[in-house]
Amino acid sequence: MEFESIRPVLSGVAGGIIATWLTSRWARRLPSTHNGKSRHALLRQHRPAIWTANTLFFLGLFLGVALYRIGGFDSTDWRPLGLGFGLACVLPLLAIFVVSTLSGRDPREGYVAFSFGQGMPLWATYGLLGAGSVAFVFAVTSLGT
């Protein structure tokens, strides 16, 4: 077995280790309350929104990968991956808003609860989701060309 064939696996393992380390470090520094509500209470109240957002995140990723097969895209085309990553970021944002609103809860608290549920600070969670939303716009506009 050559090094070139296992290099992606080693890169993925190293990335996973770094992500796990960062998440555990950030989780210790997350605030314990938001607007007078404990982290546990927020997570419990917004559980349906968080569950829906997480499900739609993975559905977006899966759809992006599936587009290579069902959409007839070349394996070197970036657009299905951009669409998948974009959907994985846009759909959770929409789900948190819709589910929180329909259940009579404050969507802003839902966004904070989602960030707490991911074990990440607000700036990291929404920085990543914001970047994915921009990628989604670029991928959708590139489909028209």
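Index from 1, following the sequence.
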(request) Kindly indicate, with the supporting measurements, whether the criterion side chain to side chain contact (heavy atoms under 4.5 Å, CB included) is fulfilled by Phe57 and Leu91. (result) CA-CA 7 Å; Phe57 175 83; Leu91 291 177; over 6 Å; no
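If you take CZ on Phe138 and CH2 on Trp78, they are separated by 8.0 Å, rounding to the nearest 0.5 Å. The structure places CG of Leu42 at 11.0 Å from OG of Ser115, a figure rounded to the nearest 0.5 Å. The line from NE2 of His46 to CZ of Arg105 is 6.0 Å long, rounded to the nearest 0.5 Å. A distance of 11.5 Å separates CD1 in Ile50 from CZ in Arg44, rounded to the nearest 0.5 Å.
The two residues Ala139 and Gly82 come nearest to each other via the heavy atoms CB-C, 3.8 Å. The two atoms that bring Gly110 and Ile96 nearest to each other are C-CG2, 3.6 Å, heavy atoms only. Taking both residues in full, the closest heavy atoms of Thr125 and Met120 are given as OG1-CB, 3.3 Å, listed atom of the first, atom of the second, then distance. Residues Gln45 and Pro48 share a closest heavy-atom pair of O-CD, 4.1 Å. For Cys89 against Gly132, the heavy-atom pair with the smallest separation is SG-CA, 3.5 Å.
For Ser103 (side chain) and Ser100 (main-chain N/O), a donor-acceptor pair under 3.5 Å exists by modelled atom type. Listed for the Asp106 side chain is a donor-acceptor partner under 3.5 Å among the backbone atoms of Arg108. For Arg39 (side chain) and Phe116 (main-chain N/O), no donor-acceptor pair under 3.5 Å exists by modelled atom type.
At a threshold of 4.5 Å between side-chain heavy atoms, the hydrophobic network of Ile, Leu, Val, Met, Phe, Trp and Tyr places Leu87 and Leu59 in one connected group. Grouping the Ile, Leu, Val, Met, Phe, Trp and Tyr side chains by contacts below 4.5 angstrom, directly or via other members, places Phe114 apart from Leu61. Hydrophobic clustering (ILVMFWY, side-chain heavy atoms < 4.5 Å, transitive): Phe62 and Leu67 are in distinct clusters. Both Leu83 and Leu81 are part of a single hydrophobic cluster, where members link through side-chain heavy atoms under 4.5 Å apart. The cluster map of Ile, Leu, Val, Met, Phe, Trp and Tyr, joined by side-chain heavy atoms under 4.5 Å apart, puts Trp21 and Val13 in different clusters.
More than 12 heavy atoms of other residues, nucleotides or ligands lie within 6.0 Å of OH in Tyr68, so this atom counts as buried by the packing criterion. In Trp51, the CH2 atom is not crowded: 12 or fewer heavy atoms of neighbouring residues, nucleotides or ligands sit closer than 6.0 Å.
A side chain to side chain contact (heavy atoms under 4.5 Å, CB included) with Gln118 is found for exactly one of Leu128, Asn54, Leu129, namely Asn54.
In this structure, Leu56 and Leu94 have side chains that are not in contact, with every pair of non-hydrogen atoms separated by 4.5 Å or more. Side-chain contact between Leu93 and Phe97 is absent, with no heavy atoms from C-beta onward closer than 4.5 Å.
The aromatic rings of Tyr111 and Tyr126 lie perpendicular to each other, with more than 60° between the two planes, well past the 30° mark.
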